[in-house]
Colleague: 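Quick one: the structure is below, and I'll ask about it shortly.
Note that ligands are numbered from 1 as they come in the structure, with each ligand's atoms numbered from 1 the same way. Both backbone and side-chain heavy atoms feed into the values below; hydrogens, waters and symmetry mates do not.
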Amino acid sequence: MDQPAMGSLPNLLTMTDPTVLTGSALLPRFQALDRFLLRHQHLWRPRPFTHLQLPWETQHPELAAWLRSRSLADAEAAHNQPELLLAPEPFTGLAQESLALSALGDLPTHERAPLPANFAVDIPGRKWQQIQAFAACLSFNQRPQHWLDWCSGKGHLGQLLAQDGQALTCLEHDPALVAAGAQLSARRGLHSQHIEQDVLAASAASQLHPEHTPVALHACGDLHVRLLQLASAAGCGQLAVAPCCYNRIAASHYQALSTAAQASDLRLSVDDLGLPLSETVTAGARIRRQRDSSMARRLAFDLLQRELRGSDEYLSTPSLPVAWLHKDFADYCRELAQLKGLPTPTPRDWDALEQRGWQRLAHVRNLELLRNLFRRPLELWLLLDRALFLQQQGYAVRLGHFCVSHVSPRNLMLLAERQ
Ligand SMILES: C[S@@+](CC[C@H](N)C(=O)[O-])C[C@H]1O[C@@H](n2cnc3c(N)ncnc32)[C@H](O)[C@@H]1O
């Protein structure tokens, strides 16, 4: 009889006790995650998409064969909760370790005063849920006097917070968003300032003052790191950050912030920093099909290019307009080969090659499930680096979830206040 391939969440979670991380709990958790990530880097660093065979497959042949025997639909079903998959060892053991090390509590929430009618009419549904969840978790010992919405977009978050009567400054570099934000503020009866500012420019430092309470919802890589550095240097009493896109950095490798992370042997490339972002919120069927076709074609082309170049190595290809998916597959390959300066491929059974791409896609997606067990531990490692940095700057820090993962997979939040 077939074994059910997914375990039940409660069984696995009984071993963990999710709490919000604070104070002296930050460093030991960081160190445990650091050890876990370092010990198993041979499992999570290589990307199945770029390898015909992963280096760990010879070490764990039973697991590799099991994963390779599964379908694309099986992989899709397990994608967002790979920890529940009952796969051969070392998968299950690593899954339990991953769950235990990633366990984190929800930040406490508080009720907010009701908003004026129509406040949210212009805000897309999921973004509005994220903003409300973020705002509900903000609690500081000192009542904020002046909110600073960092990389604010139109400033919906800041405008929600400023409903309580505090001052508001929004910093954003896109002039269209700055103008739209100023208009919205006026319509909402707020006297807020919307400033066009590149937060990475040297001039950004002068925008921060000790009385500010900076908030940053989903500011990418360098943008939120810059806030942590400038806000602590300016002496801001408190701040709240929910990071995203850890891989959007100017450097080729991650620049650790805290002493603990600087001392770690873990050296993270931009590619590695993309791992936590690989969890997808369920896309519609049409978008999924498009994404899969594009990947299957790329994987098939990868087989072809290895033959054309006489080299068994992956060759990166540029992202292509969706219209390329409607090309005949033979034309797709010929034109992509030309774009990459490769010899024109000889005629062959193009359908069979495209089919091999689909087969590879099923393999890739299933093999990725092992890598995905390290997605959350790596994200928490990155958050703890930020938390420990703020602690070093004299802040008391709380780290927890501010929303559920289907509202946003980037659902971790740091709250910091000067002690
Ligand atoms: C993911 S959006 C988040 C927007 C807003 N916080 C929200 O949650 O709706 C990131 C924002 O950062 C802005 N941004 C990107 N680079 C920037 C920079 N160098 N300086 C200031 N803002 C920037 C973008 O224009 C965008 O509005």
Colleague: Got a sec, which residues hit ring-ring contact (aromatic ring centres under 6.0 Å, His included) with H212, two or more places apart in sequence or on another chain?
Modeller: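 Once residues adjacent in sequence are excluded, the partners of H212 under the ring-ring contact (aromatic ring centres under 6.0 Å, His included) criterion are H146, H209.
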
Colleague: What residues form a side chain to side chain donor-acceptor pair (under 3.5 Å) with S258, not counting sequence neighbours?
Modeller: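 Side chain to side chain donor-acceptor pair (under 3.5 Å) check on S258 returns D385.
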
Colleague: Who passes side chain to side chain donor-acceptor pair (under 3.5 Å) against Q207, sequence neighbours left out?
Modeller: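 For Q207, the residues satisfying side chain to side chain donor-acceptor pair (under 3.5 Å) (neighbours in sequence not counted) are Q197.
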
Colleague: Compare every heavy atom of S102 with every heavy atom of L380, then report the nearest pair and how far apart it is.
Modeller: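 Answer, listing the atom of L380 first, then S102: CD2-CA, 3.8 Å.
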
Colleague: Can you tell me how far CZ of R291 sits from CD1 of I287, rounded to the nearest 0.5 angstrom?
Modeller: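 Here the interatomic distance stands at 9.5 Å.
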
Colleague: Taking W66's backbone N and O only, do any of them form a donor-acceptor pair with S69's side chain (distance below 3.5 Å, no angle check)?
Modeller: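 Checked: pair present.
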
Colleague: Residue by residue, ordered by chain and number, which ones reach under 4.0 Å of ligand 1 with a heavy atom?
Modeller: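 Contacting ligand 1 under 4.0 Å are K127, C151, S152, G153, E172, H173, L177, Q197, D198, V199, L217, H218, L223.
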
